[in-house]
Protein chains: 2
Amino acid sequence: MKILPDKTVERLSQYRRALLICRAENKTHIFSHELAGLIHITPVQVRRDIMLIGYTGTLRKGYDVHELISLIGRIIDTEEGLRVCVVGIGDLGRAIIRYFKGKRTKLVITAAFDANPEKVKCVYSGVPCYPIDQLETVIKEQGISIAILTVPGEVAATVGQTLEKAGIKGIINYTPTPLNVSENTYLGGYDMITSLEKAAYFVKSNREM
Amino acid sequence: MKILPDKTVERLSQYRRALLICRAENKTHIFSHELAGLIHITPVQVRRDIMLIGYTGTLRKGYDVHELISLIGRIIDTEEGLRVCVVGIGDLGRAIIRYFKGKRTKLVITAAFDANPEKVKCVYSGVPCYPIDQLETVIKEQGISIAILTVPGEVAATVGQTLEKAGIKGIINYTPTPLNVSENTYLGGYDMITSLEKAAYFVKSNREM
DNA sequence: TTTGTATTGTTAGTTTATTAACAATAAAAC
DNA sequence: GTTTTATTGTTAATAAACTAACAATACAAA
């Protein structure tokens, strides 16, 4: 299949979550406008996304919940699953590990890293923490392909480089430091300060009108 | 000034952060390609954004760092500042509070809320925690206009409604539950599960090529 | 059976965001 | 003093994302 648009992939993830809830409620079929309502977008967008993944529902009956869940799984997940690590065990790193605990079976956090020797001894929500200088070894040994970066901004750039050297294929950067990675490494991320300032700007602008 | 594009606002926040570092290093002027390099975008985009905010640099000398910082401030910040609260004191809520501690003077987290009576007694990084049923009172009393939502997904929708009723003007939703708010309330947010699944999809796609 | 209705799938249009192109010009080089 | 160069500001072109429009059709109602 051709590569899907960025935003469509995001929504597929959301569709699946909503569909899993539907399935738990023994709902077997769902209309585009129902699914749209669950995540507050338009029915057209749902239909268009579903068209892009090549699925087709039945007229006047909607989409088969089971089939759609399993198709999205085949698109997003890999057969054997992917391993993920968290680099930097501050409040945020811990929050993420706990949050994911048992949530997604095809994406498992199998290792954490920190520079602080105190933390290295610990196991966080079942995830063992290794010293950061073993990054490369552990990543290669365990075949980890995605890293979640929650280290302090000052060291983010260097750690990012190490991660690439270790063969990581995707980095999610939660530090305020912009990273640059090579062509074939996926780079995602989120900056909480920027997002708050953005909110402030639009709140301010709304107020002035 | 006309309302700025979404993405431009985001970048302005990033420009300012980069510029503050430049100022700390006693750099007085900066070229578009230098600023672009710092956050890994193109010089054209920098120039275009700066054009949109109506600033103009000097040819062959670049932009005045001080002036640009202060202009971005006048655009994003409000004179008197805005107050922010964090709703839900789990690992993530604590992480956010600590993270912002003293970072931005014009945006201050002044209150936290939680349902757990144990947490209500506490002060987190200088921010007092109130019981969640005092949401409306405290928000109005303190004139809080932005809320950061880190409660469990199951209660997100109800808390969101209460926030609007309390007069909140912007919500940043860190729960996986989609929120719907009225027209004139700003809604931002981020979903860590979706972003990880998205990373997985692109890592997978890259590998297949 | 025929007509009407609800819903999908898809194409065309619109908006938003990014990138390319280039005129204008101040400073530097000669 | 003239030419070259580096850099800005802006317009035009392209790409990505979203929205509207509507043909096709299965089912329900008459």
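Below, chains carry the letters A, B, ... as their sequence lines are ordered, and counting in each starts from 1. Being a predicted model, the structure only gives us computed values, none of them experimental.
Side chains of B/R17 and B/S13: a donor-acceptor N/O pair is absent below 3.5 angstrom, by distance only.
At a threshold of 4.5 Å between non-hydrogen side-chain atoms, the residues A/T162 and A/I132 do not count as touching. Side-chain contact between B/V181 and B/I168 is absent, with no heavy atoms from C-beta onward closer than 4.5 Å. By the 4.5 Å heavy-atom criterion applied to side chains, B/I89 and B/N116 are not counted as neighbours.
Distance CD1 (A/I3) to P (D/dA15): 18 Å, rounded to an integer number of Å. Note: CG (A/D64) to C1' (C/dT8) measures 15 Å, nearest angstrom. Between the CD1 atom of A/I53 and the P atom of C/dT8 there is a distance of 14 Å, rounded to whole Å. Atom C1' of nucleotide C/dA17 and atom CZ of B/R11 are separated by 8 Å, given to the nearest angstrom. The nearest whole Å value for the distance from the CD atom in B/E34 to the P atom in D/dT7 is 8 Å. Put simply, CD on A/E10 is 9 Å from P on D/dC18, counting in whole angstrom units. Distance CG (A/L52) to P (D/dC18): 11 Å, rounded to an integer number of Å. One interatomic measurement links the two molecules: NE2 of B/H29 to C1' of D/dA6, which rounds to 16 Å at whole-angstrom precision.
Smallest separation of non-hydrogen atoms from A/F100 and B/M192: CZ-O, 3.7 Å.
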Item to complete: Could you encode protein contacts along nucleotides 19-30 of chain C as a string, one character per nucleotide from 5' to 3', using B for base contact, S for sugar-phosphate-only contact and - for no contact, with a heavy-atom cut-off of under 4.0 Å?
Response: BBB---BBB---
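Summary of the strand contacts: B/D6 and A/T56 both lie near DNA chain C, and taking for each the nucleotide with the nearest heavy atom, the more 5' one is attributed to A/T56.
Residue-level contact check: B/S32 touches the backbone only, with heavy atoms under 4.0 Å from sugar-phosphate atoms and none from bases.
When distances run from any side-chain atom of A/K7 to the nucleotides D/dC18, C/dT8, C/dA17, the shortest one goes to D/dC18.
Using a 30° and 60° split on the angle between ring planes, B/Y63 and B/Y55 fall in the tilted class, from 30° to 60°.
A centroid separation of less than 6.0 Å is found between the aromatic rings of A/Y190 and B/Y174.
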